[in-house]
Each structure stands twice: as C-alpha cells, then as structure tokens.
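Heads up: numbering here begins at 1 and tracks the sequence.
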Amino acid sequence: MTSPADPHTGGAVVEPRKRLKLLAVTACPTGIAHTYMAAEKLQQAADDAGIDMKVETQGSIGAENVLTDNDVKHADGIIIAADKDVDRSRFAGKRVLSVGVSEGISHPERLIEQVQGAPVLEADGAEESGGSGGKERSAAYKALMNGVSFMIPFVVVGGLLIAVALAVGGHTTPDGIEIPKDSFWYDINALGGLGFKLMLPIFSGYIAFALGDRPALVPGMIGGFLAYDGVGIYGADANAGFLGAIATGFLAGYVVLWIRKVKVPKFVQPIMPIIVVPIVSTLVVGLFFIYVIGTPISWVFTHLTSWLNGMTGSSAVVLGAIIGLMIAFDMGGPVNKTAFLVGTGLIGTNNAVMGMAAAAIPVMPLGQGLATLLRRKLYTQQERDTGIAALFMGFFGISEGAIPFAAARPAQVIPANMLGGAVAGAIAGVAGVEDSVPHGGPIVAVFTAISGVAMFFVAIVAGVLVTALSTNALIELKARRTAAKEAAAAPEAASPEPTETAPEPARAAPVDVQKDSESPAPGGEPEVLSGYLTERTVKVELDAGDKEAAIREMAGLLAATGKVTDVEELVRTALRREEQGTTGLGEEIAIPHAKTDAVSAPVVGFARSTEGIEWGSLDGTKAKLVFMISVPAAAAGDEHLRILALLSRKLMDAGFRERLQAAPDAASLLGVLAEVA
C-alpha cells in the first residue's frame with residue numbers, strides 16, 4: 001500500500017513502515033509452567049511494542065501453536081527460549097536468537113531488541129556471526145540428554161527381546177545359556193541383539209547431532225560403532241562401551257563445530273555440510289579413537305586381566321568386592337568385560353569367581369528399576385518406564401538395562417551401581433556361591449547353574465537395595481545442593497535459571513475443562529478445572545507466614561473435600577518437591593504441587609496472602625496468590641500437566657490477577673477462577 005503524493009516530500013510516494021514480525025519457541029525439559037510463562041511474557045512484550053508475535057510452546061502435552069512454513073517465511077527473526085534441544089533447521093536463513101527459558105520470563109523486551117541484530121542461521125544450522133545473545137542451559141547437558149532420549153528405545157526393545165528369547169527358547173550348556181540356531185527364538189534373540197548393536201551408535205550420534213546438527217550425525221554414529229565393537233572393527237583388545245560412546249559423541253559434535261568456523265571459498269560452501277564436514281569429521285573422530293583412545297583402553301584391559309588373575313587366591317570378600325565393582329562400573333564396557341572374562345576363564349577350576357560376577361551382573365538394572373519405584377517423583381515418566389524394563393532385563397542378567405540411567409546421571413548412578421555390585425560380589429564370595437556357566441542374574445539359578453542358591457539371592461537382594469537407596473540418596477543430595485545454590489544466588493542473579501521437576505505424565509484421558517466460565521455446575525457453583533477446585537478449597541486469606549506453614553494450611557484446606565487420606569504425607573510430598581526447586585513462578589504467584597497416594601482424587605486449592613510469603617520466586621516477589629495441586633500417584637493421568645498449563649497462561653494476564661486480588665469473598669474468587677480455560 002502507498003500513500004498519496006505529499007507536497008512536503010516533493011511529490012514522492014511514502015511507503016508506510018513495515019510492522020515487525022517475530023516468532024518464538026519456548027520449551028523446558030519437563031515442559032510445565034515455565035514454558036508457558038515465557039510464551040506469555042514474550043507475547044505481552046511484543047504486543048506492548050507494537051510487534052506481531054507468534055509463540056510455539058513445546059510442553060509435555062505436545063507442541064502447541066506450531067509455527068508453519070508460511071510463518072517462518074515472513075518472519076523477521078526467531079527467539080528460541082529453551083532449556084532443551086529445539087530443531088532449528090526450519091529457521092535457516094532467518095535471524096535466530098537462542099537463550100534459556102528463564103531469559104524469556106525475565107527479559108522479554110531485551111530479547112525482542114536483540115533478535116533484530118541476531119546472526120542469520122545458515123542452511124546447515126551454523127550461524128553467520130555472533131553468539132546466542134543469552135544464557136542457555138549447558139550445551140553439553142542438553143546434548144547428553146538428547147543422546148539418552150534417543151538411546152532408550154533401543155535399550156528397551158533390544159533387552160526385552162533378548163530376555164524373552166532366553167526365557168522361552170534358552171537352555172544351559174557349558175558355554176552358557178544358548179538358543180538353538182534352528183529355533184524361532186534364535187531369530188527373536190538376533191533382533192534383540194540388533195537393538196543393542198545400534199544402541200551406542202544412536203547414543204553417540206545424537207549427542208553429536210545436538211551439538212553440531214546433521215553434519216555431526218555421521219561421525220557421531222561411526223564413533224559409536226567403534227565404541228561398541230572396536231574388537232571386531234580394528235582389532236582392539238577391548239570395546240570402549242557406553243563411556244566411549246559419550247566420548248565419541250562429544251568429540252564428533254565439537255569437531256564439526258570447529259570445522260564450521262574455518263573460512264572456505266564460496267564455491268566450496270554448498271558442499272561443506274553434505275560432503276566436506278562429514279568426511280573430515282569422521283576421519284578425525286575415527287582415527288583419534290583408534291590410535292589415541294583405543295590404545296589406553298587396550299593397555300588397561302591387559303593389565304586389569306593380569307591383576308585379577310593374580311588375585312584369585314586372595315580373600316574371597318576382597319576379590320568378590322573388586323569383581324562386583326568392575327562388573328558394575330561400565331555395564332558391558334571394558335572394565336565389566338575384564339571381570340566377566342576372568343570369571344569365565346576360571347569356570348571348571350574355580351567356579352566361585354564366576355559366582356561373584358553372576359551375583360553382581362543383575363544388580364545395576366534391578367537397582368535402578370527399584371529406585372524408580374521407591375522414589376517416583378525423582379524421575380521422569382520416560383525414566384520410570386525404562387525402570388520397569390530394567391527390572392525385567394535384570395532378572396535375565398542383562399546389565400545394559402541400567403545404561404540409560406548411568407548416561408543421564410553418571411555422577412550419581414555409577415557410584416551407586418559400584419557400591420551395590422561390590423556388596424553383591426562380596427556376599428557371594430564369602431558364601432562360596434558358584435556359577436558353572438558364563439552368565440549372570442536370577443535366570444542362571446532358574447536353569448540350575450548355581451550352587452548356593454539361597455546366598456546367591458541374598459547377595460543380589462542386598463546389592464539391589466544398596467544400589468537403589470544410594471542412587472536416590474545421591475540424586476536428592478544433588479537436588480538439595482542445586483536448590484540451595486539457586487536460593488543463595490537468587491537475590492543477586494540477573495536472570496536465574498528456573499528449575500522444574502517433571503510431574504508425571506500418565507495415561508488417563510485429557511481433562512475436559514469447562515469453557516464457559518459463566519455456566520454454573522449443577523449445584524450452582526461455577527465449574528472450575530473440571531470441578532477439582534471448589535468453594536470449599538478456596539480461602540480468602542492465609543494465616544501462614546512462611547512457605548512450610550502455607551503448604552500445611554493449604555493441605556488442610558484440601559482435606560476438607562474428603563479426598564485427602566493422609567494430610568501429613570501430602571505435606572511431606574509437597575515439601576520434598578520444593579526441595580528440588582521452587583514452585584514460586586514470579587508475579588506474586590506460587591503453585592506447589594504433589595503427586596501422591598495421600599489423595600484419592602485430583603484436587604486443587606487456592607488462597608491469598610495480603611502480606612505475601614517468601615517462596616524463592618524467580619523475580620524475587622513474595623507469593624500472594626497460591627494454588628496447590630494434588631493428584632494421586634497411581635491414577636493421575638495428565639490432569640496436573642493441563643492444570644499447570646492452564647493456570648500458567650491465565651496467571652500471566654495482569655487483569656486476571658487484579659480480579660483475584662480484588663474479589664471480596666470465596667464465592668467471588670471462585671467466579672473469577674472460573675475464567676481459567
């Protein structure tokens with residue numbers, strides 16, 4: 001559109017100024033409140049600045065308001081406010097600013113200004129110039145989690161297929177538990193083996209992919225194959241296992257990033273991402289692994305074997321503990337294989353060494369699986385599902401079932417695994433447990449290959465309990481330290497990182513939230529959040545002056561519905577959630593929540609505090625609007641995810657918050673809350 005000629009401009013036609021169009025993607029690892037808070041803050045800032053903005057949210061309930069190709073085509077810039085990996089390839093040729101999700105909450109105006117001068121994303125995912133312009137969660141952390149996420153299905157499918165094949169089609173021989181080659185179950189076992197064969201290449205490849213995008217996928221996967229089968233590929237004395245796959249994944253990703261920085265002639269640039277970068281990076285990663293990483297692994301393998309063979313006459317307790325430590329260290333890697341092969345080599349002359357190894361082999365997957373059952377709140381739904389599969393694999397002596405847990409939290413899981421493995425090996429050693437086949441786990445007792453069966457199971461149970469309890473204790477210790485550091489840094493930090501713990505996604509049908517806030521429920525009350533929030537769970541003014549007292553008061557409020565079976569357990573669960581990271585969301589809002597069987601059905605409460613309660617909120621404000629969400633552990637469905645998403649969006653509306661503050665009584669508050677939809 002043009003304007004008529006203006007005499008003051010000498011008759012020139014004046015083009016109206018183009019309205020800026022921006023896009024954004026917000027996401028966090030657990031996809032709950034902060035995803036939506038960042039989206040609302042960015043949208044509000046854009047509206048205030050007269051800028052067109054569309055925000056895609058990538059939460060646990062799926063991507064919403066998804067950006068289309070047409071949106072991207074006409075965008076002047078894209079803001080990615082995320083603490084997890086977001087595919088940026090669709091934004092090639094556009095200015096892209098990548099920051100942590102907390103930046104979207106704390107500094108939306110600054111991000112809108114910065115994106116207008118952000119570097120342009122090239123077709124291969126590289127940026128022309130400049131940096132990210134904001135604080136992101138550690139790239140290494142996100143890369144590792146990306147690899148773990150893609151690896152888990154291969155571990156589960158491979159492990160369960162092998163376990164079923166061994167259970168149904170296997171029988172004992174002097175060489176172990178075998179499946180006849182002409183058997184149907186032999187083919188099932190082979191399919192499971194393929195899953196395991198692909199596990200480490202996928203893990204390594206997607207670590208590399210998260211760092212260097214598509215060009216890093218090839219060197220990452222090839223490096224992962226070297227870690228999986230260095231013995232067969234280049235004649236190594238030992239395979240590097242999952243620790244080697246971590247090394248090749250990061251090496252491939254960072255090598256690709258380094259190659260991209262090399263300036264090349266323009267005529268070479270088109271073939272860089274599809275030919276030059278993958279070939280050069282594959283050669284660098286592969287040769288470095290073979291000639292540099294492989295050499296020390298072989299040296300360690302050789303000397304460990306000699307050392308262990310020299311210990312076989314030593315104290316059974318000490319030898320058992322050492323065998324257990326080694327078996328548990330890398331779950332199929334070179335250290336594990338060293339102990340296993342020493343035990344295998346002594347079958348027929350000293351079956352007790354294999355008995356020590358057999359007791360330690362299932363401890364890691366069984367222990368990690370039990371850990372997810374004992375403290376479910378510490379784990380994501382994916383981890384809990386993997387834990388169930390790990391329990392099954394552990395019974396069949398498939399130690400690789402614990403690898404996803406060790407890869408995700410090596411500093412907590414590996415020490416706990418080793419402690420449990422040492423306990424199991426030591427007990428088996430002192431009890432004189434013997435194993436006559438080269439395999440481990442309860443399955444070998446079922447096949448009558450174990451002598452001293454009772455003590456064999458005592459050793460396994462003790463090791464599993466030690467592993468599970470140690471794992472959860474170390475995870476909680478880390479969470480408390482992190483929370484303490486964040487709380488100490490909160491008053492000084494310009495943009496503190498939000499911390500979210502994944503509430504449990506589950507399997508129930510989606511919540512049908514009442515859309516018409518004016519429509520009363522049959523009893524005359526407005527229907528709020530599917531009836532989870534009622535006038536009985538609304539309080540005009542909290543008496544409490546601190547967070548713990550407020551949670552106790554809110555729990556008592558929820559108990560008035562008759563849906564709370566154990567008030568103290570509800571309080572303890574909510575307080576444990578707070579230890580992992582504050583539920584104070586800023587803007588004078590707090591949403592404590594608990595997933596526990598202390599409630600028989602979902603229930604939501606709301607209360608106000610005129611003075612405000614210190615909640616450790618992101619923006620330093622005291623909580624004056626407090627919601628408490630409680631759902632059963634066993635049958636919650638994804639109600640709590642939807643409730644959090646709905647509340648987070650609506651609470652970013654300043655007018656809604658003002659109406660909540662101004663409502664004179666509980667009935668009026670409930671009427672305002674009925675706007676949540």
Novice: Would you give the length of the straight line joining atom CG of Leu673 to atom CZ of Phe627, rounded to the nearest 0.5 angstrom?
Specialist: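 Output value for this atom pair is 5.0 Å.
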Novice: So do Met364 and Ile327 actually touch side chain to side chain, heavy atoms under 4.5 Å?
Specialist: yes
Novice: Could you tell me which non-hydrogen atom of Pro365 sits nearest to which non-hydrogen atom of Ala390, and how far apart they are?
Specialist: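 Heavy atoms only, the tightest pair is CB-O, 3.4 Å.
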Novice: Look only at the side chain of Arg376 and the backbone of Arg384, and say whether a donor-acceptor pair between them is shorter than 3.5 Å.
Specialist: no
Novice: For residues Pro410 and Ala408, report the shortest heavy-atom separation together with the two atoms involved.
Specialist: CD-C, 3.5 Å
Novice: List the atom pairs, donor and acceptor, that lie under 3.5 Å between side-chain atoms in residues 454-464 and the rest of the protein, sequence neighbours left out.
Specialist:
none

Novice: Would you sort out whether Tyr532 and Val631 count as a side chain to side chain contact (heavy atoms under 4.5 Å, CB included), showing the intermediate values?
Specialist: CA-CA 10 Å; Tyr532 300 153; Val631 292; over 6 Å; no
Novice: List in chain and number order the residues that pass side chain to side chain contact (heavy atoms under 4.5 Å, CB included) with Leu570, two or more places apart in sequence or in another chain; answer none if no residue qualifies.
Specialist: Ala555, Leu558, Val564, Ala594, Thr596, Ala598, Val599, Met628, Ser630
Novice: Between Ile152 and Pro404, which heavy-atom pair has the shortest distance, and what is it?
Specialist: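 Scanning both residues, the minimum pair turns out to be CG1-CB, 3.7 Å.
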Novice: Before giving the answer on side chain to side chain contact (heavy atoms under 4.5 Å, CB included), spell out for Leu391 and Leu373 the whole-Å C-alpha distance, their side-chain angles and the decisive distance to 0.1 Å.
Specialist: CA-CA 10 Å; Leu391 288 170; Leu373 295 178; 3.7 Å; yes
Novice: CE of Met53 to CG of Asp48: how many Å apart, nearest 0.5 Å?
Specialist: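 Interatomic distance, Met53 CE to Asp48 CG, rounded to 0.5 Å: 11.0 Å.
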Novice: Considering residues at least two apart in sequence or located in another chain, which fulfil the side chain to side chain donor-acceptor pair (under 3.5 Å) criterion with Asn472?
Specialist: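 In terms of side chain to side chain donor-acceptor pair (under 3.5 Å), with neighbours along the sequence ignored, Asn472 is linked to Tyr379.
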Novice: Which residues satisfy the side chain to side chain contact (heavy atoms under 4.5 Å, CB included) test with Val157, sequence neighbours excluded?
Specialist: Leu161
Novice: For Lys563, give me all partners under salt bridge (Lys or Arg N to Asp or Glu O under 4.0 Å), at least two apart in sequence or on another chain.
Specialist: none
Novice: How far apart are the C-alpha atoms of Leu660 and Leu651, what are their side-chain angles, what is the distance that settles it, and do they pass the side chain to side chain contact (heavy atoms under 4.5 Å, CB included) test?
Specialist: CA-CA 10 Å; Leu660 283 178; Leu651 287 166; 4.3 Å; yes
Novice: Do Glu553 side-chain atoms and Asp543 backbone N/O form a donor-acceptor pair below 3.5 Å?
Specialist: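 Checked: pair present.
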Novice: Kindly give the heavy-atom pair with the smallest separation between Gly401 and Val155, and that separation in Å.
Specialist: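 In terms of heavy atoms, the two residues are closest at CA-CG1, 4.1 Å.
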Novice: With sequence neighbours left out, what residues match Phe392 under side chain to side chain contact (heavy atoms under 4.5 Å, CB included)?
Specialist: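 Phe392 satisfies side chain to side chain contact (heavy atoms under 4.5 Å, CB included) with Leu160, Ala163, Val164, Phe396 once adjacent residues are dropped.
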Novice: Is there a side-chain contact between Pro362 and Pro442 in this structure, where contact means two heavy atoms from C-beta onward sitting under 4.5 Å apart?
Specialist: yes
Novice: Counting C-beta onward and ignoring hydrogens, is there a side-chain heavy-atom pair between Pro592 and Glu578 closer than 4.5 Å?
Specialist: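 Yes, side chains in contact.
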Novice: Looking at OG1 of Thr471 and CZ of Arg375, how far apart are the two atoms once the value is rounded to the nearest 0.5 Å?
Specialist: 12.5 Å
Novice: Mind jotting down which residue pairs meet the side-chain hydrogen bond (donor to acceptor under 3.5 Å, both in side chains) criterion with at least one end in residues 398-420? Sequence neighbours excluded, please.
Specialist: Gln368-Asn417, Glu383-Arg409
Novice: To check you understand the geometry: which heavy-atom pair defines the closest contact between Ala549 and Ala544, and what is its length?
Specialist: C-CB, 3.4 Å
Novice: Can you confirm whether Phe242 sits close enough to Met331 that some side-chain heavy atom of one is under 4.5 Å from a side-chain heavy atom of the other?
Specialist: yes
Novice: Mind listing the closest non-hydrogen atom pair of Leu557 and Phe606 along with its distance?
Specialist: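 Taking Leu557 first and Phe606 second, the nearest heavy atoms are CD2-O, 3.9 Å.
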Novice: Begin with the C-alpha distance, continue with both residues' side-chain angles, and end with the deciding distance and a verdict on side chain to side chain contact (heavy atoms under 4.5 Å, CB included) for Met151 and Ile403.
Specialist: CA-CA 9 Å; Met151 172 181 66; Ile403 286 179; 3.9 Å; yes
Novice: Once you round to the nearest 0.5 Å, how far does CG of Leu474 lie from CG of Leu469?
Specialist: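 Between atom CG of Leu474 and atom CG of Leu469 there are 11.0 Å.
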Novice: Counting only N and O atoms by type, is there a donor-acceptor contact under 3.5 Å from the side chain of Thr621 to the main-chain atoms of Glu588?
Specialist: yes
Novice: Under a 4.0 Å threshold between the charged nitrogen and the carboxylate oxygen, would Arg110 count as salt-bridged to Glu103?
Specialist: yes
Novice: Out of curiosity, Ile551 CD1 to Leu542 CG, how far, rounded to the nearest 0.5 Å?
Specialist: 11.0 Å
Novice: Mind checking side chain to side chain donor-acceptor pair (under 3.5 Å) for Thr565 and listing every partner two or more places apart, or none if nothing turns up?
Specialist: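 Per chain and number, Thr565 pairs via side chain to side chain donor-acceptor pair (under 3.5 Å) with no residue.
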Novice: Is there a side-chain contact between Leu533 and Leu670 in this structure, where contact means two heavy atoms from C-beta onward sitting under 4.5 Å apart?
Specialist: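 Side chain of Leu533 against side chain of Leu670, heavy atoms only: contact under 4.5 Å found.
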Novice: Report yes or no: does Arg608 contribute a side-chain atom to a donor-acceptor pair with the main-chain N or O of Lys624 at less than 3.5 Å?
Specialist: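 Answer holds: no.
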Novice: Can you name the residues that form a salt bridge (Lys or Arg N to Asp or Glu O under 4.0 Å) with Arg552, not counting sequence neighbours?
Specialist: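 For Arg552 the salt bridge (Lys or Arg N to Asp or Glu O under 4.0 Å) partners, ignoring immediate neighbours, are Glu548, Glu568.
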Novice: Taking only residues two or more places apart in sequence, or in another chain, which ones meet Gln661 in a side chain to side chain donor-acceptor pair (under 3.5 Å)?
Specialist: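 Once residues adjacent in sequence are excluded, Gln661 has no partner under the side chain to side chain donor-acceptor pair (under 3.5 Å) criterion.
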Novice: Is it true that a side-chain atom of Thr26 and a backbone atom of Ala81 form a donor plus acceptor pair closer than 3.5 Å?
Specialist: no
Novice: Between atom OG1 of Thr583 and atom CD1 of Ile629, what is the distance when rounded to the nearest 0.5 Å?
Specialist: 9.5 Å
Novice: Tell me, please, which residues at least two apart from Asp47 pass side chain to side chain donor-acceptor pair (under 3.5 Å).
Specialist: Gln43
Novice: Name all residues meeting the salt bridge (Lys or Arg N to Asp or Glu O under 4.0 Å) criterion together with Glu611; count only those two or more places apart in sequence or in a different chain, and write none if there are none.
Specialist: none
